Structure formats: C-alpha cells, structure tokens
Amino acid sequence: TQLLEQSPQFLSIQEGENLTVYCNSSSVFSSLQWYRQEPGEGPVLLVTVVTGGEVKKLKRLTFQFGDARKDSSLHITAAQPGDTGLYLCAGVSGSGYALNFGKGTSLLVTP
Amino acid sequence: NAGVTQTPKFQVLKTGQSMTLQCAQDMNHNSMYWYRQDPGMGLRLIYYSASEGTTDKGEVPNGYNVSRLNKREFSLRLESAAPSQTSVYFCASSEGRGSSYNEQFFGPGTRLTVL
C-alpha cells in the first residue's frame, strides 16, 4: 500500500516556467519531508514541514503542508535546468518510526 | 565530514552468488537504514537499525540480512543473489528517536546487477 501519492509522475518544462508538484495521502503525518535526487546520486533533504498550514521557502522553492497534515505541495518559481531531478516526499504516519516515501515526481527543465 | 559512504559503487553478480554491501556514517547518528530503489517503485525500506544492537525488518526484507557492526557501520548481505534483486541500494542514517522528524541522510548508492 502506497501511503503517499505524488503527482504528476513526470514533468517536462522550459526554463523560466513555474510548476507545482503534489504529495497526497489519506493518512495524517506528524511531519513531512521533501528530498531531491539527482541522477546517479542519493536523495538530499530539502525541507521538513511540521505544522498544518505551514509554508516554508527555500529560494525559488515554496513548500506547503496541508491544514489537515495529509498533503503537501512544492511550488517552483522560474524553474532552472539545475532544478532537474526526482522530487520525493516522505513522512512518518501515526506512531510509526520508519519513513514512508512517495514514488516521486521526475522533473526535467530544458534551457 | 564524508557523511554516509557506501561500497562498492557498482557490482555485477551471477545468480546464486553472495555479497555484502558496506555502509558507514561519520555523523554520530543512532539510526541507519537500507533501501532499494527500482523504476516505478520508489524507495522501499529493506531493513533498519533504530540504534546500535538492534535491527528490524522493513517493507521488503526477504532475501537479505543485515548487521549493525557498531554505531558507524551497517552492512547488507545477499546470501544467494537473484535477478529480482537487481536494483540501486541506498544506505541512510538519521539521529534517531531522540529527533522528532527522522530526517535522513543518504549515501551515493550501490548499483547492483544480478545476471
């Protein structure tokens, strides 16, 4: 059972465009993390959101945690080729300990 | 700091052969993890070690064994490799239960092909 559903699965855009990717679940998460993975490398943590409704910004990336803590979104403004990669959301649900990962959104930004 | 290191980076095995994937972290983290990543399947947890001296099964443990050698090192062993174990394997570490969010730091991965 996939606890976290990410959409879209693939996204190809041109440099300068804006985009939003989504991470949805029917479960409540105590916190939710976003990672970026570049080809041939391991995932790297971008941000952790904790409070329902929380918004965090990392340069051109804006992360939002849903009010009910069941979903999250990542918005990228004026995408650049360096943003290319696989974006993964992950969270711990209930009283669990291990992270549950979504399958990811693969983003390609072309010049 | 090197962070999380993994060896080897690439490996080709024949069906039935055995091998051990090595992982080490220098961040004094309590918890360590092994994942596999397959196209269309995302990251799936194989085994984890919440603290030194403990190991627990994850989502896909069959065909694997692990050893938490000490606080720094966590190895993954394939006793009799099968083609279904062709994958990219990632080791990760985190501070552990004392940390609220289980934020994880990943190694660069081992690309394993089983023929």
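Since we're looking at a predicted model, the values are computed, not measured. Naming convention: chains lettered A, B, ... in sequence-line order (proteins, then strands); numbering from 1 in each chain.
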Completion exercise
Heavy atoms of B:F90 and A:Q37 approach each other most closely as CZ-NE2, 3.3 Å
Exercise for the section: Go through the atoms of B:L43 and report whether side chain, backbone, both or neither lie under 4.5 Å from a heavy atom of chain A. Expected result: both
Practice task
Treat each ILVMFWY residue as a node, draw an edge where side-chain heavy atoms are under 4.5 Å apart, and state whether B:V60 and B:Y89 are in one component.
Solution key: yes
Exercise for the section: Check each atom of B:R111 against the heavy atoms of chain A and say whether the ones under 4.5 Å are side chain, backbone, both or neither. Expected result: side chain
Handout entry: Cluster check B:M41, B:Y47: I/L/V/M/F/W/Y, side chain < 4.5 angstrom
Key = no
Completion exercise
Interatomic distance, OG1@A:T48 vs CD@B:E103, rounded to 0.5 Å, equals 3.5 Å
Problem - same_hphob_cluster(A:L3, B:I46) at 4.5 Å side-chain heavy-atom cutoff - result: no
Problem - Which atoms of A:E41 approach chain B - backbone, side chain, both or neither, heavy atom under 4.5 Å - result: backbone
Exercise for the section: Please flag which part of A:V44 lies under 4.5 Å from any non-hydrogen atom of chain B: side chain, backbone, both or neither. Expected result: neither
Practice task
Would you kindly confirm whether B:L21 and B:V4 end up in one hydrophobic cluster when ILVMFWY residues are joined by side chain heavy atoms under 4.5 Å apart?
Solution key: no
Handout entry: A:Y22 with A:I13, same ILVMFWY side-chain cluster at under 4.5 Å
Key = no
Completion exercise
Greatest number of non-hydrogen atom pairs under 4.5 angstrom with chain B, of A:P43, A:G42, A:G104, falls to A:P43
Handout entry: Shortest non-hydrogen contact from A:L86 toward B:Q37
Key = CD2-NE2, 3.7 Å
Practice task
For the residue pair A:L99 and B:Y35, establish whether any side-chain heavy-atom pair is separated by less than 4.5 Å.
Solution key: yes
Problem - Residue A:Q9 excluded, over 12 heavy atoms near CD under 6.0 Å - result: no
Completion exercise
If you tally heavy-atom pairs under 4.5 Å between each of A:V50, A:N100, A:L32 and chain B, the highest tally belongs to A:V50
